[in-house]
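A note on names: the letters A, B, ... follow the listed sequences, proteins ahead of strands, and every chain is numbered from 1. Just so it is clear, the model here is predicted, and its values are computed rather than measured.
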Protein chains: 2
Amino acid sequence: MSKDYGQFCGLAKAARVLGERWALLIIRDLSIGSRRFKDLHDGLPGVPTSVLTARLRELEEAGVVERRAAAPPHRGVVYELTPYGRELQPALDALGRWGALRMAAPEPEDIITGSSLAAALRAGYQPGAAAPAATYLVHAGPATAWAHTEGGELTVGAGPPEADPDLVIRAGPQLRLLLAGRLSPAEALRRGMVEIEGPHAAFEAFAAAFQVPLEADLHSAETIGEGRS
Amino acid sequence: MSKDYGQFCGLAKAARVLGERWALLIIRDLSIGSRRFKDLHDGLPGVPTSVLTARLRELEEAGVVERRAAAPPHRGVVYELTPYGRELQPALDALGRWGALRMAAPEPEDIITGSSLAAALRAGYQPGAAAPAATYLVHAGPATAWAHTEGGELTVGAGPPEADPDLVIRAGPQLRLLLAGRLSPAEALRRGMVEIEGPHAAFEAFAAAFQVPLEADLHSAETIGEGRS
DNA sequence: CCGAATCCGGCATGATACTG
DNA sequence: CAGTATCATGCCGGATTCGG
């Protein structure tokens with residue numbers, strides 16, 4: 001293995017598998033749900049098909065990704081994470097939170113996908129917020145994702161949810177500031193930055209349950225008691 | 001930014017900075033303490049100096065690493081993490097634990113460094129174990145690191161500690177099995193796989209306070225109550 | 001259409017040598 | 001000690017082509 005770092009170190013072994021270009025984003029999308037080759041290609045603009053093929057093969061060989069025959073309605077293949085790959089979730093979420101620390105507003109060329117939105121919601125979930133069971137449908141610009149909270153447990157997905165949502169949130173890039181706690185739910189509605197369909201209280205619960213801090217707010221967020229240990 | 005993935009996603013932004021070759025290992029070493037160019041080069045066998053230079057420059061530009069004049073006794077420069085870089089620690093630890101899941105025994109060419117050993121101890125620390133304040137000096141083959149626990153807080157470092165340790169542990173690759181919970185402290189001593197200098201109880205406390213599970217033991221470790229949420 | 005394989009230019013990496 | 005210079009190799013990005 002010429003790509004191995006030659007160190008008996010978990011981080012070194014992880015870096016060998018995850019350090020290749022596009023690998024983390026492929027895993028991000030698969031961590032939200034199973035995907036076909038085209039789904040991945042569409043959700044990762046810029047990845048050459050050759051690289052996507054190579055990466056999927058490597059991840060399969062590493063035991064992170066599994067290639068399966070698609071369910072009856074479709075034909076072809078679907079890719080999904082193995083149980084070993086699903087163990088990556090805490091690390092993915094931690095990395096995502098770190099990367100979001102300096103991500104206040106999108107660059108002009110930045111896109112948002114359903115999978116990345118779902119991953120952000122998962123990374124920001126506060127199990128301690130103890131919200132009532134609810135299903136949220138979130139539109140951030142062109143991207144759509146859903147989250148279902150129930151008894152401290154969270155389920156997320158890209159696209160619209162199967163069940164009818166309790167609350168629909170329609171926002172633009174301002175959603176980032178809401179998740180960072182920079183913008184209160186009431187203020188967001190008052191200024192027209194976010195539109196909702198559903199009870200106001202559900203929106204308050206959403207804002208409390210999903211928090212992705214910005215670097216400058218780290219200390220204050222912790223002292224307020226919303227911080228992650 | 002041709003290297004950016006063009007997505008408004010924390011994971012994508014993190015991958016851009018951390019996905020370059022050697023970046024995670026450089027940050028790992030710096031997360032243990034400040035390092036000079038030569039320290040990093042010695043601790044990362046195989047990295048070309050040109051790549052190390054380039055990576056340090058990029059990480060500095062990204063605000064992760066800081067380049068400073070060395071403290072008076074020496075001259076030259078030292079590299080260290082910025083506060084922003086130190087925010088990576090939870091993600092580093094999570095990645096390290098994941099990478100260690102399938103790392104039962106070292107490959108023939110795998111080396112262990114003081115920094116990687118210190119990082120492993122940090123990743124495996126169980127704040128809940130509530131051990132008494134203690135300083136441990138750990139030798140794993142040629143590598144040396146120390147850990148100090150005090151009231152749930154942990155400090156680690158590479159090489160020998162400044163203060164006299166309460167317990168000295170001398171082990172080979174078998175230390176991995178001890179950290180995984182596959183080998184009990186008593187058994188390790190009885191079979192001569194680990195040698196200690198210090199009270200037996202301190203060794204028991206060490207084994208309880210530092211746990212880095214293997215994949216096959218994940219479920220049992222959780223049911224036993226030693227798991228990470 | 002889906003899931004790739006192929007070809008090609010360019011850049012990053014790895015190895016080695018060299019310098020202030 | 002702390003890098004810079006040079007060069008062969010190989011991976012990545014982009015486009016096209018191909019089989020089912």
Side-chain angles (χ1 to χ4, degrees), chain A residues 1-7 12 15-27 29-30 34-62 65-80 109 111, chain B residues 1-7 12 15-27 29-30 34-62 65-80 109 111:
Chain A
M1 306 281 177
S2 60
K3 304 289 292 299
D4 194 90
Y5 289 99
Q7 302 205 357
R16 159 154 171 47
V17 176
L18 310 175
E20 307 287 316
R21 191 133 171 95
W22 297 103
L24 274 174
L25 296 194
I26 292 168
I27 293 170
D29 281 19
L30 293 179
S34 61
R35 296 282 186 274
R36 332 241 314 246
F37 190 91
K38 186 178 189 304
D39 298 331
L40 291 169
H41 190 251
D42 291 349
L44 304 171
V47 62
T49 59
S50 53
V51 171
L52 183 51
T53 303
R55 215 52 79 231
L56 284 168
R57 227 180 283 285
E58 290 164 16
L59 290 172
E60 195 181 350
E61 206 162 337
V65 164
E66 200 171 8
R67 180 192 154 97
R68 282 200 350 205
H74 306 277
R75 52 187 168 167
V77 288
V78 290
Y79 295 91
E80 54 187 35
E109 71 278 14
I111 65 166
Chain B
M1 306 277 181
S2 60
K3 302 291 292 299
D4 194 89
Y5 289 99
Q7 301 205 358
R16 159 153 171 50
V17 176
L18 309 175
E20 307 287 316
R21 192 135 170 92
W22 297 103
L24 273 175
L25 297 193
I26 292 168
I27 292 170
D29 280 19
L30 293 178
S34 61
R35 296 281 185 276
R36 318 225 251 138
F37 190 91
K38 187 179 187 304
D39 299 330
L40 291 169
H41 190 250
D42 291 349
L44 303 172
V47 63
T49 56
S50 53
V51 170
L52 183 51
T53 303
R55 216 52 79 231
L56 285 168
R57 226 181 285 285
E58 290 164 16
L59 290 172
E60 195 182 351
E61 206 161 336
V65 163
E66 200 172 7
R67 179 192 154 98
R68 283 202 349 208
H74 305 277
R75 53 189 166 163
V77 288
V78 290
Y79 294 91
E80 54 188 35
E109 70 278 14
I111 65 166

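- Atom-to-atom, NE2 of His41(B) to C1' of dC1(D) comes out at 12 Å; the value is rounded to the nearest Å.
- Distance CZ (Phe37(B)) to P (dG3(D)): 6 Å, rounded to an integer number of Å.
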With side chain to side chain contact (heavy atoms under 4.5 Å, CB included) as the test, would you mind laying out the steps for Leu52(A) and Trp22(A) before giving the verdict? CA-CA 8 Å; Leu52(A) 183 51; Trp22(A) 297 103; over 6 Å; no
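- At least one donor-acceptor pair under 3.5 Å links the side chain of Gln7(B) to the backbone N or O of Gly43(A).
- Look at CZ on Arg35(B): it is 13 Å from P on dA2(D), rounded to the nearest Å.
- Rounded to an integer number of Å, the gap from Ile26(B) CD1 to dA2(D) P is 15 Å.
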Would you please test Thr49(B) and His41(B) for side chain to side chain contact (heavy atoms under 4.5 Å, CB included) and show each step? CA-CA 7 Å; Thr49(B) 56; His41(B) 190 250; 3.7 Å; yes
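- Looking at every heavy atom in both residues, Val78(B) comes nearest to Ala69(B) through CG2-O, 4.1 Å.
- A sub-4.0 Å separation between OP1 or OP2 of dG3(D) and a side-chain N or O of Arg67(B) is present.
- With hydrogens and angles ignored, the 3.5 Å screen pairs a side-chain donor or acceptor of Arg55(A) with a backbone N or O of Arg21(A).
- Judged by the 6.0 Å distance and 45° axis criteria, Arg67(B) is not positioned over the aromatic ring of Phe37(B).
- One end of the helix from dC1(C)-dG20(D) to dG20(C)-dC1(D) points its axis 30° away from the other end's axis, with each axis taken from 5 pairs and the angle rounded to 10°.
- Heavy atoms only, all atoms of each residue included: Pro45(B) and Ile111(B) are closest at CG-CD1, 3.4 Å.
- Residues of residues 52-59 of chain B having a heavy atom closer than 4.0 Å to DNA chain D, listed by number: Thr53(B), Arg57(B).
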List the steps, then state whether side chain to side chain contact (heavy atoms under 4.5 Å, CB included) holds for Leu40(A) with Leu30(A). CA-CA 8 Å; Leu40(A) 291 169; Leu30(A) 293 179; 4.1 Å; yes
Sugar-phosphate or base contact per nucleotide [nucleotides 14-20 of chain C; S, B, -; heavy atom under 4.0 Å]: BB-B---
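- Atom pair Glu20(A):CD and dG10(D):P shows a separation of 15 Å (rounding to whole Å applied).
- With sequence neighbours left out, the salt bridge (charged side-chain N to carboxylate O under 4.0 Å, His left out) criterion links Glu60(B) to no other residue.
- Side-chain nitrogen and oxygen atoms of Tyr79(A) include at least one within less than 4.0 Å of the OP1 or OP2 phosphate oxygen of dA4(C).
- Put simply, CG on Asp42(B) is 8 Å from P on dC1(D), counting in whole angstrom units.
- Applying the salt bridge (Lys or Arg N to Asp or Glu O under 4.0 Å) test to every pair with at least one member in residues 34-49 of chain B, sequence neighbours left out, gives these pairs: Lys38(B)-Asp42(B).
- At least one side-chain nitrogen or oxygen of Arg36(B) sits closer than 4.0 Å to the OP1 or OP2 atom of dA2(D).
- Put simply, CG on Leu44(A) is 15 Å from C1' on dC12(D), counting in whole angstrom units.
- Arg75(B) pairs by the salt bridge (charged side-chain N to carboxylate O under 4.0 Å, His left out) definition with nothing, not counting sequence neighbours.
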